[in-house]
There are 2 protein chains.
Amino acid sequence: MNNQQAIKEKPAIKDKPVIKAKQVTNRGEEDYIKAIYKLSDEAEGDRVTNHQLVTYFAHTAQTVNEMVRKLEKKKILVYQPYKGSLLTALGKDEAVRLIRAHRIWETFLTEKLGYAWEEVHEEAEMLEHLTSSKLADKLYAFLGAPTVCPHGNYIPVLSDMNRDDLDTCGRLKLSKAKKGKQYCLKGVVDDKALLVYLNGLAIYIDLCFTIIERDLISDIVTLAYGGRNTSLSGAVAQKLFVCEVYDAEDNT
Amino acid sequence: MNNQQAIKEKPAIKDKPVIKAKQVTNRGEEDYIKAIYKLSDEAEGDRVTNHQLVTYFAHTAQTVNEMVRKLEKKKILVYQPYKGSLLTALGKDEAVRLIRAHRIWETFLTEKLGYAWEEVHEEAEMLEHLTSSKLADKLYAFLGAPTVCPHGNYIPVLSDMNRDDLDTCGRLKLSKAKKGKQYCLKGVVDDKALLVYLNGLAIYIDLCFTIIERDLISDIVTLAYGGRNTSLSGAVAQKLFVCEVYDAEDNT
DNA sequence: ATATATTTTAAGGTTAACCATAAAAATTCA
DNA sequence: TGAATTTTTATGGTTAACCTTAAAATATAT
Ligand SMILES: [Mn+2]
Ligand SMILES: [Mn+2]
Ligand SMILES: [Mn+2]
Ligand SMILES: [Mn+2]
């Protein structure tokens, strides 16, 4: 209905249809991979049970089973009924890639755009799925190759791909810290309610404090910092990662 | 099956399930909105026919019809069979919001991450759908409130929301330019093949040139710039937007 | 060793976004 | 004013990612 129908020569420059998103894995699958990677830290034998995924995602057992079986077919994990799932090397690479992208975005949003640390997780949770290695690497370089995200968690690099202790390395859960010693906060679990709670207590990454009380019966840790004392439940203390401070400096 | 089942007190800080992506419109719909907005520039009476969408997306007529009817139900457009679709005010706002996000991302990718201008469209095409107004505004401020994207197209701001001439304002298609006059390239259609082609010809935004030949029979424009002459087809010239340069400066 | 509880899976459903085939309706052209 | 062409729409499919209900398999605890 227009000019050139017989003159069809070179692949001329013409209006191209919008590109189709054709990814290998999609958001649903990718979030399962990350979840299994994360949950396998705590679980015995590193296996992640379907039940863990049911509670983590608030999906039905049926849905979890379907997803797990699908990822199994894709060689991303090995699944044993009643035992749980174990990521393959392929699956771990995927997980680390996603966690890397996630933390890079979180760093970008806080460092460059001025987001608060409790605001970045949701955004990163979406952006991570659209992040090619190229984009991740360019962003990472732009940020100056940061080692940690705003919550103090390590941003993995390629050489970390198969390290299993990504989230602990060198750090200690505050719940395992000892009375009388001094610690520095180096990481927190990225949970919005927790982050807002910590804001209210003026607790942030790199804060140093002394443990002045450790009540093992009520499971309460009491910290002293900035001229105040704060008591935290064991549940919260389990979500804070610290390093011991050896040189006893003044930190009022 | 664990510690506190009777002690259910405050909304305690516990593991939250991963957030669910709950957007009002999704990628498919959003790309239709943008397409209708873009195509309505050229179309008569601003209406966009289903046929235009069929060729634009390379979707079937059936699919286009379904999407159009769905968007109609959502009050995003008004559709008249055999006539075409017209965006409502709501639809236009959506379109401009998306175009704004798209161009902001493109600017970020080139200005901050060093992407080439032909590499950014696909990335932006995905990122735009995950961009809240908050994110768009923060990115925009971070970029220093740029007026144009890497392809020279205007980045709309809120006050532009209902302007219809977003993509022309003040500029002229090179295909309409006159022999002997001098012009400055101010914008190009964001088409990858075109961008790569222009790279090869050392043609970029803000290049100034003189039209030394305008062959209306063969539909060819010949430009002189940087000590060279280049001939472009009318099809290409239609995708370049220029401003006339009045002060005849030296630009060899 | 059973009974109970938990976990898995079978069977079938929903919605979104696509597809194909073909009938119906409107437009355009001679 | 037909006849040819184009546009729309009715019907029915597919896949991905969720769901419910309920049966089957396994684990655990007495
Ligand atoms: Mn996070
Ligand atoms: Mn995610
Ligand atoms: Mn673009
Ligand atoms: Mn898009």
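The structure displayed is predicted, hence computed values, not measured ones. Just so we're on the same page: letters track the sequence lines, and every chain starts at 1.
We find that NZ of B:K74 is positioned 14 Å from P of C:dT15, with the value rounded to whole Å. Distance CG (A:L71) to P (D:dC18): 11 Å, rounded to an integer number of Å. The distance from atom NE2 of A:H59 to atom P of D:dC18 is 4 Å, rounded to the nearest whole Å. Atoms CG (B:N26) and P (D:dA16) sit 18 Å apart, rounded to a whole Å. Residue B:K73 contributes atom NZ, which lies 10 Å from atom P of C:dA16 at whole-angstrom precision. Atom-to-atom, CE of B:M67 to P of C:dA16 comes out at 11 Å; the value is rounded to the nearest Å.
OP1 or OP2 of C:dT8 lies within a sub-4.0 Å distance of a side-chain N or O belonging to A:N50. For C:dT9, one of the phosphate oxygens OP1 or OP2 lies less than 4.0 angstrom from a side-chain nitrogen or oxygen of A:R69.
Using a 4.0 Å cut-off between charged side-chain N and carboxylate O, B:R27 and B:D31 make a salt bridge. Salt-bridge formation is detected for the pair B:D137/B:R100: a Lys NZ or Arg NE/NH1/NH2 atom is positioned less than 4.0 Å from an Asp or Glu carboxylate oxygen. One finds a salt bridge joining A:E72 and A:R69 here, because a Lys/Arg side-chain nitrogen approaches an Asp/Glu carboxylate oxygen to under 4.0 Å.
The side chain of B:A61 sits closest to D:dT8 out of D:dC19, D:dT8, C:dC19. Nearest to the side chain of A:T60, among D:dC19, C:dT8, D:dC18, sits D:dC19.
If you check every strand for non-hydrogen atoms under 4.0 Å, B:N65 touches a base. If you check every strand for non-hydrogen atoms under 4.0 Å, B:Y79 touches sugar and phosphate atoms only.
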Query - Under 4.0 Å protein heavy-atom contacts per nucleotide of nucleotides 23-30 of chain C, with B for base, S for backbone only and - for none - result: --BS----
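Nearer to the 5' terminus of DNA chain C, by closest-nucleotide assignment, is the contact made by A:Q80 (compared with the other of A:E66 and A:Q80).
Other residues, nucleotides and ligands contribute at most 12 non-hydrogen atoms within 6.0 Å of the NZ atom of A:K75.
Below 30°, between 30° and 60°, or above 60°: for B:Y32 and B:F57 the angle between ring planes is below 30°, a parallel geometry. Aromatic ring orientation, A:F142 versus A:F108: tilted (interplanar angle from 30° to 60°).
Among A:E125, A:E94, A:E29, the one residue that satisfies the salt bridge (Lys or Arg N to Asp or Glu O under 4.0 Å) test with A:K34 is A:E125.
The base of D:dT11 sits with one of its N or O atoms less than 3.5 Å from a complementary donor or acceptor on the side chain of B:Q62.
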